> 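Supplied in structure tokens, the structure appears directly below.
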Amino acid sequence: MTCKRSLVQIQYRPPLIFIGAIMAKRDPDTLRHSTSHILAAAVKELFPKVKLGIGPAISDGFYYDFEKREPFTPEDLKRIEKRMAEIIKRALPFKKKMLSRSQAQELLKKDKERFKLELLKGLKGKRISFYTTGDFIDLCKGPHIKSTKEIKAFKLTSIAGAYWRGKETNPTLQRIYGTAFSTKGELDKHLKRIEEAKRRDHRKLGKSLDLFSFHDEAGAGLVIYHPKGATLRRIIENFIEEEHKKRGYQSVITPHIYKIDLWKKSGHYDFYRELMYFFKIEKQEYAIKPMNCPGHVLIYKSKTRSYKDLPIRYFELGTVYRHERSGVMHGLMRARGFTQDDGHIFCTPNQLKKEIEDTVSFALDILKTFGFGYKLILSTRPEDCIGSKKNWEHATKALKEALKESKLEYEIASGEGAFYGPKIDIQISDALGRLWQCSTIQVDFNFPEKFDLSYTGKDGRKHRCVMIHRALLGSIERFLGVLIEHYGGAFPVWISPVQVKILSIADRHLKYALKVKKRLEKENLRVELDSRNEKIGKKIREAQIEKVPYMLIMGDKEVKNNTLSLRLRSEEDLGEIKIDRFIRRISLAIKKKE
RNA sequence: GCCGAUGUAGCUCAAUGGUAGAGCAGAGCUUUCGUAAAGCUCAGGUUGGAGGUUCGAUCCCUCUCAUCGGCUCCA
């Protein structure tokens with residue numbers, strides 16, 4: 001079988017710096033790919049009529065695609081797993097076998113392996129390599145482990161549907177996912193990591209930390225923020241807006257709906273209609289904005305611009321709605337309504353490189369503030385695109401040079417650019433190691449043409465300006481989702497919805513507790529008081545579960561000494577401390593964004 | 001949108017072709033307590049929604065909505 005390396009596979013790479021992700025020291029791909037053969041062999045033994053797709057190694061394991069009328073059940077999975085263990089026990093060698101093209105074709109035809117035949121057609125060369133393990137034979141370029149004995153620990157993890165060769169118009173195959181390791185310990189570690197990731201799932205934490213909710217009756221993909229979630233979001237929004245102001249952006253505000261004519265002019269009506277929400281009032285058709293660009297463009301166009309004005313940078317926390325297909329929603333990570341930290345830069349072609357460079361460094365600064373790892377991807381000209389070749393080259397070169405001068409490593413996604421220009425995407429990963437695109441920096445030739453965006457040059461003539469679309473967090477929703485999983489809900493103090501929880505021991509301590517609360521609120525701290533008639537143990541337990549960074553316990557001793565007893569969510573009991581000292585301590589942590 | 005699974009109290013889950021139960025949360029009472037869960041009592045449900053099969057459906061079937069795992073798409 002073939003094992004195509006593509007960006008799609010790279011997407012499954014393990015998290016960059018998260019939760020101590022453990023990569024096996026040896027490259028485990030060969031082991032996993034070999035295990036996928038054993039999976040196919042077991043399926044063939046149990047279900048001889050099944051046809052084979054492909055079975056590559058992916059970052060944490062492998063999969064194999066099968067065509068089978070009846071879906072695999074979880075029970076089937078267990079049976080297959082058992083048969084795989086038997087095959088492995090047979091200690092079969094992986095043997096390479098070179099066949100001529102006609103021999104290969106004959107073999108696959110005999111087995112009616114129509115997908116393999118299709119793969120064979122796409123292969124170059126006269127001799128085609130196959131690998132055998134016992135009676136099982138598979139078209140494959142290898143390499144493989146020597147013997148099935150080397151598979152010491154494996155597990156089938158899930159079943160899912162997948163299109164043949166990833167194309168929607170192709171038949172749906174059934175994909176069995178699994179993973180394999182060279183020791184049992186590594187497998188256990190891996191499974192534990194998955195457990196931990198599930199515990200950090202932002203959808204779960206969003207509920208238990210009372211941050212946000214979704215409702216059947218409200219609609220799929222529409223986030224409803226609860227007080228604590230709203231607080232968290234506002235802090236991030238204020239932070240990001242301030243950072244933009246520091247870097248020469250001007251804040252603007254634009255409407256949520258526009259007449260359909262504007263969307264026709266911008267091209268969204270033609271290219272983006274499927275994803276847009278439309279409505280008609282008094283014979284006038286409107287659409288809810290899926291993007292913020294048109295508004296910013298109208299501001300630019302509201303007067304003539306001189307080269308002296310450029311670059312102009314507009315910023316808006318713009319809420320957009322996109323009708324995502326029903327199967328793709330994923331908590332905050334993929335919603336139908338979301339807010340972008342959206343900015344547009346209008347500049348001269350000569351300014352392009354510098355602007356890109358600054359924007360990339362801006363994005364990385366922001367990501368570093370939250371301790372994220374990241375990956376840069378440069379997407380180049382797709383087949384179907386607008387704009388002259390010269391423009392594309394200029395822009396792509398500007399992007400490349402900006403990255404080069406910033407000494408940043410990046411991958412190239414050839415032909416993956418938007419139809420209107422090349423882009424740099426930055427991905428960060430969630431608890432399960434899934435990468436999410438957050439920052440995106442896109443050069444656009446389309447808008448400047450369509451809206452005739454220009455400026456007057458030194459020569460007194462009109463010149464076409466260049467437009468950059470960029471979002472650093474991407475969508476606030478997605479970023480929050482990743483953030484929740486990144487911190488496992490234990491946010492640094494500066495963004496914690498509740499920074500301090502005061503826990504009073506008995507009713508007679510309430511007055512003092514209230515006094516302390518007032519004092520802390522005067523320092524702009526977010527404080528809650530738990531004065532319920534409950535035991536201190538219970539109050540602590542609940543504050544721990546809420547992951548409040550600082551707990552202040554107040555009883556007779558503290559009232560008498562005019563102090564607080566400080567406990568951290570890391571379960572540290574730090575004992576008594578003076579109020580002012582505590583304020584200094586927490587203020588410093590907030591300032592340092594720890 | 002596609003493949004598959006799921007949907008029972010606010011939350012986590014149990015049970016059944018004869019209209020459902022537990023723990024936590026909530027309310028009331030007792031208790032005023034020192035670093036991860038005090039006790040008692042009460043209340044809480046058109047079993048996601050619509051239709052069908054059946055004497056009878058929460059359970060079986062169809063449709064629909066939503067969620068989950070993927071595919072595809074994407075911020």
Side-chain angles (χ1 to χ4, degrees), chain A residues 8 63 65 68 70-74 157-177 198 201 203-204 207-208 210 213-221 272 274-275 290-291 318 320 322-336 338-342 416 418 425-427 432 434 436-440 442 469-479 481-482 503-510 531-545 551-558 565-569 571-575:
Chain A
V8 178
Y63 67 79
D65 285 342
K68 177 171 172 285
E70 298 296 317
F72 287 113
T73 64
T157 47
S158 63
I159 317 160
Y163 300 112
W164 166 239
R165 296 197 138 177
K167 267 185 98 174
E168 239 178 314
T169 45
N170 283 345
T172 305
L173 306 179
Q174 293 185 60
R175 177 169 296 177
I176 296 181
Y177 284 93
K198 278 185 185 156
D201 189 314
R203 293 164 300 186
K204 227 177 214 175
K207 204 178 261 181
S208 66
D210 197 15
S213 56
F214 292 92
H215 299 265
D216 287 14
E217 64 218 293
Y272 222 76
E274 307 284 285
L275 284 167
M291 292 184 182
V320 297
R322 298 181 188 174
H323 188 264
E324 294 294 343
R325 301 163 93 184
S326 56
V328 306
M329 260 74 76
H330 182 86
L332 295 181
M333 306 292 202
R334 189 77 178 273
R336 282 186 173 153
F338 59 96
T339 299
Q340 297 177 304
D341 60 326
D342 207 356
E416 296 289 313
D425 288 329
I426 305 177
Q427 298 183 333
L432 278 167
R434 285 173 293 213
W436 292 97
Q437 185 179 310
C438 288
S439 319
T440 182
Q442 314 182 344
H469 306 254
R470 31 103 305 151
L472 306 185
L473 306 180
S475 102
I476 308 286
E477 279 71 11
R478 177 176 292 178
F479 192 78
V482 181
L503 313 175
S504 56
I505 288 178
D507 288 347
R508 63 178 177 279
H509 310 122
L510 184 58
S531 61
R532 292 174 306 164
N533 178 9
E534 294 287 354
K535 285 190 168 175
I536 195 68
K538 177 161 184 161
K539 293 186 185 185
I540 286 170
R541 180 184 148 80
E542 287 180 10
Q544 287 285 158
I545 290 169
M551 281 161 258
L552 303 178
I553 290 135
M554 276 162 221
D556 292 337
K557 197 167 64 182
E558 290 77 15
S565 275
L566 177 59
R567 182 188 158 103
L568 306 182
R569 67 183 160 202
E571 298 186 23
E572 264 179 286
D573 179 359
L574 296 183

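Every chain is numbered from 1 and lettered A, B, ... according to where its sequence line falls, protein lines coming before strand lines. These numbers were taken from a predicted model, which means no experiment stands behind them.
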> Contact class for A:Lys535 vs. all strands (heavy atom < 4.0 Å): base, sugar-phosphate, or nothing?
base

> So A:Glu217, base contact, sugar-phosphate only, or nothing? Heavy-atom distance under 4.0 Å.
nothing

> For a quick check of understanding: with a heavy-atom distance under 4.0 Å over all strands, which category does A:Ala506 fall into, base, sugar-phosphate or nothing?
base

> Of the candidate nucleotides B:G34, B:A38, B:U35, which contains the atom at the shortest distance from the side chain of A:Glu534?
B:A38

> So A:Ser326, base contact, sugar-phosphate only, or nothing? Heavy-atom distance under 4.0 Å.
base

> Work out how far the P atom of B:A25 is from that of B:U41, and round it to whole angstrom.
16 Å

> Quick check: any donor-acceptor pair below 3.5 Å linking the side-chain of A:Glu324 to the base of B:A75?
yes

> Taking B:U19 as the reference, what is the distance to B:G56 when you measure between their P atoms (whole Å, please)?
15 Å

> With no angle test and no hydrogens, is the base of B:G70 tied to the side chain of A:Tyr163 by a donor-acceptor pair under 3.5 Å?
no

> Just call it for A:Gln437: base, sugar-phosphate, or nothing, with non-hydrogen atoms closer than 4.0 Å on any strand.
sugar-phosphate

> How far, in whole Å, is B:G18 from B:A5 if one measures between their P atoms?
25 Å

> Quick check on B:U32: is either OP1 or OP2 less than 4.0 Å from any side-chain nitrogen or oxygen of A:Arg532?
no

> Just call it for A:Gly537: base, sugar-phosphate, or nothing, with non-hydrogen atoms closer than 4.0 Å on any strand.
sugar-phosphate

> Once you apply a heavy-atom cut-off of 4.0 Å, does A:Ala543 come out as touching a base, just sugar-phosphate, or nothing?
nothing

> Mind checking what makes salt bridge (Lys or Arg N to Asp or Glu O under 4.0 Å) contact with A:Glu558, not counting sequence neighbours?
none

> How does RNA chain B read in dot-bracket, base by base from 5' to 3', with Watson-Crick or G-U pairs under 3.5 Å and | used when the partner is on another strand?
(((((((..((((....[..)))).(((((.......))))).....(((((..]....))))))))))))....

> What interatomic distance, in whole Å, is found between C1' of B:C59 and the corresponding atom of B:G23?
24 Å

> Is there aromatic stacking of A:Trp436 on B:A75 here, judged by a ring-centre distance under 5.5 Å and a plane angle under 30°?
no

> What's the gap between B:C42 and B:U47 when it is taken at their C1' atoms, as a whole Å value?
23 Å

> When we call it a touch if two heavy atoms are under 4.0 Å apart, what does A:Gly555 touch: a base, just sugar-phosphate, or nothing?
base

> Respond yes when some side-chain nitrogen or oxygen of A:Lys207 is under 4.0 Å from OP1 or OP2 of B:U12, and no when none is.
yes

> Pick the C1' atom in B:G49 and in B:U58, then give their distance to the nearest Å.
13 Å

> So what does A:Met329 hit on the nucleic acid, given a heavy-atom distance under 4.0 Å: a base, only sugar-phosphate, or nothing?
sugar-phosphate

> At 4.0 Å (heavy atoms only), tell me whether A:Arg322 reaches a base, stays on the sugar-phosphate, or touches nothing.
base

> Across the strands shown, which category fits A:Ser565 at heavy-atom distances under 4.0 angstrom: base, sugar-phosphate, nothing?
base

> Can you find an N or O donor on one side and an acceptor on the other, under 3.5 Å apart, linking the side chain of A:Glu558 with the base of B:G34?
yes

> Side-chain atoms of residues 165-172 of chain A: list all donor-acceptor pairs with protein atoms under 3.5 Å, sequence neighbours left out, distances to 0.1 Å.
residue	atom	partner	partner atom	Å
A:Glu168	OE2	A:Arg325	NH1	3.4
A:Glu168	OE2	A:Arg325	NH2	2.4
A:Asn170	ND2	A:Trp164	O	2.7

> If you measure from the C1' atom in B:A57 to the same atom in B:G48, how many Å do you get, rounded?
16 Å

> Regarding B:C74, can its base be found pairing with the side chain of A:Arg478 as donor and acceptor, where the two atoms are less than 3.5 Å apart?
yes

> Please pick, from B:C74, B:G1, B:A66, the nucleotide with the shortest atom-to-atom distance to any side-chain atom of A:Ala220.
B:A66

